[in-house]
Amino acid sequence: MSKKYWLLKSEPDVWSIDQQKKAGNKGATWDGVRNYQAAKNLKAMKKGDQCFFYHSNIGKEIVGVVEVIKEAYLDKTDQSGRFVAVTVKFIRKLDRPVALENIKKSKELQHLSLIKQSRLSVMSIDSKSWKILYNMSKI
């Protein structure tokens, strides 16, 4: 099965890319997701999948890449037992953050959930869009 790509949103004043980096190779639990569509995306993640790390609210930009190192398991912060978490580890910070305003300007990226469903916190990214976004960080 081929690797899949995702985007994970976090408010940097709650959990930032720098905190993720400090977690090291053991990674950190990606929990607290309470939206059913986002939770379905977490359940679909496989070990080795890559995720853009997106700073929401403050910044509104893709700032790094993390990798799924543990697939979906029960989210300990969810009393209902309905939601899951995954564990991700830091891979890299982007050379240059990719701002939402620049993503919106790209005709090739208009289909992304980041634009169409701006409140969704965990979303899939197709491989073509992943490459475009990654290349945008190099410009």
Side-chain angles (χ1 to χ4, degrees):
M1 197 156 177
S2 62
K3 183 190 313 190
K4 289 192 177 172
Y5 300 98
W6 308 91
L7 183 140
L8 301 172
K9 288 184 177 180
S10 180
E11 295 176 26
D13 57 342
V14 175
W15 186 253
S16 71
I17 190 70
D18 291 327
Q19 288 168 295
Q20 182 69 51
K21 184 177 182 178
K22 284 180 190 164
N25 284 333
K26 73 176 184 351
T29 303
W30 202 273
D31 59 12
V33 173
R34 297 295 181 268
N35 171 287
Y36 285 100
Q37 186 177 356
K40 184 179 175 188
N41 289 335
L42 285 176
K43 288 176 185 173
M45 289 180 174
K46 299 295 179 204
K47 197 172 178 176
D49 284 357
Q50 302 265 299
C51 313
F52 279 129
F53 194 111
Y54 181 89
H55 279 171
S56 62
N57 295 343
I58 303 167
K60 293 187 180 179
E61 58 192 5
I62 299 170
V63 294
V65 177
V66 296
E67 181 177 305
V68 177
I69 59 171
K70 185 175 179 187
E71 295 176 17
Y73 51 91
L74 283 179
D75 182 340
K76 291 179 184 155
T77 69
D78 173 32
Q79 301 302 314
S80 74
R82 288 191 301 246
F83 292 96
V84 298
V86 297
T87 302
V88 295
K89 76 172 184 175
F90 175 86
I91 298 296
R92 73 182 62 84
K93 273 186 164 179
L94 296 182
D95 296 340
R96 221 180 103 228
V98 180
L100 178 60
E101 64 183 69
N102 292 331
I103 295 167
K104 286 181 174 180
K105 290 176 187 174
S106 171
K107 285 185 174 63
E108 294 175 297
L109 300 173
Q110 293 304 304
H111 66 284
L112 292 180
S113 297
L114 184 61
I115 295 169
K116 293 182 174 276
Q117 294 177 276
S118 61
R119 296 183 50 84
L120 189 63
S121 63
V122 179
M123 59 194 71
S124 65
I125 302 282
D126 61 277
S127 60
K128 182 181 177 194
S129 297
W130 176 273
K131 288 174 189 152
I132 292 167
L133 289 164
Y134 197 81
N135 287 334
M136 287 172 76
S137 76
K138 306 275 186 206
I139 299 169

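Nothing here was measured: the structure is a model prediction, and the numbers come from that model. The basis for the numbers below is simple: all heavy atoms, side chains too, and nothing from hydrogens, waters or symmetry mates.
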J.: Which pair of non-hydrogen atoms, one from Gln117 and one from Gln37, has the smallest distance, and what is that distance?
T.: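 Closest approach of Gln117 to Gln37: NE2-OE1, 2.9 Å.
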J.: In the structure I gave you, are the side-chain heavy atoms of Asp18 and Lys93 within less than 4.5 Å of one another anywhere?
T.: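 A side-chain contact under 4.5 Å exists here.
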J.: Connecting only ILVMFWY residues whose side-chain heavy atoms lie within less than 4.5 Å of each other, what is the rest of Ile69's hydrophobic cluster?
T.: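 Once heavy-atom contacts under 4.5 Å are chained together, Ile69 still belongs with nothing else.
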J.: Identify the heavy atoms of Glu71 and Lys47 that sit nearest to each other, and give their distance.
T.: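 Heavy atoms of Glu71 and Lys47 come nearest at OE2-N, 3.0 Å.
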J.: Could you tell me the separation between the NZ atom of Lys70 and the NZ atom of Lys26, rounded to the nearest 0.5 Å?
T.: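 So the gap between those two atoms works out to 13.0 Å.
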J.: Is Lys4 salt-bridged to Asp49, cutoff N-O under 4.0 Å?
T.: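 Salt bridge: no.
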J.: If you group Ile, Leu, Val, Met, Phe, Trp and Tyr whenever their side-chain heavy atoms sit less than 4.5 Å apart, what else falls in with Tyr134?
T.: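 Once heavy-atom contacts under 4.5 Å are chained together, Tyr134 belongs with Tyr5, Leu7, Phe52, Tyr54, Ile62, Val65, Ile91, Leu94, Val98, Leu100, Ile103, Leu109, Leu112, Leu114, Ile115, Leu120, Met123, Ile125, Trp130, Ile132, Leu133, Met136.
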J.: Any donor-acceptor pair under 3.5 Å linking the side-chain atoms of Ser80 with those of Arg34?
T.: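 Result is no, nothing qualifies.
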J.: Answer yes or no: is there a side-chain heavy-atom contact under 4.5 Å between Trp15 and Trp30?
T.: yes
J.: Give a yes or no answer on whether the side chain of Gln20 reaches the backbone of Ser16 with a donor-acceptor pair at less than 3.5 Å.
T.: no
J.: Where the side chain of Lys89 meets the backbone of Ala23, is there a donor-acceptor pair that is under 3.5 Å apart?
T.: no
J.: Let's go through Thr29 and Lys76 carefully: what are the C-alpha distance in whole Å and the side-chain angles of both, what is the deciding distance for side-chain contact (heavy atoms from CB on, under 4.5 Å) to 0.1 Å, and is it a yes or a no?
T.: CA-CA 10 Å; Thr29 303; Lys76 291 179 184 155; over 6 Å; no
J.: Looking at Asn135, I want to see if its CG is surrounded by more than 12 non-hydrogen atoms of other residues, nucleotides or ligands under 6.0 Å.
T.: yes
J.: Nearest 0.5 Å, what's the CZ-CG distance between Phe83 and Asp31?
T.: 12.5 Å
J.: Within the distance-only criterion (no hydrogens, no angle test), does the side chain of Asp95 pair as donor or acceptor with the backbone N or O of Ser137 below 3.5 angstrom?
T.: no
J.: Could you go through the side-chain contact (heavy atoms from CB on, under 4.5 Å) check for Tyr73 and Thr87 one step at a time?
T.: CA-CA 9 Å; Tyr73 51 91; Thr87 302; 2.7 Å; yes
J.: Looking at every heavy atom in both Val14 and Gln19, which two are closest together, and how far apart are they?
T.: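 Heavy atoms of Val14 and Gln19 come nearest at O-OE1, 3.8 Å.
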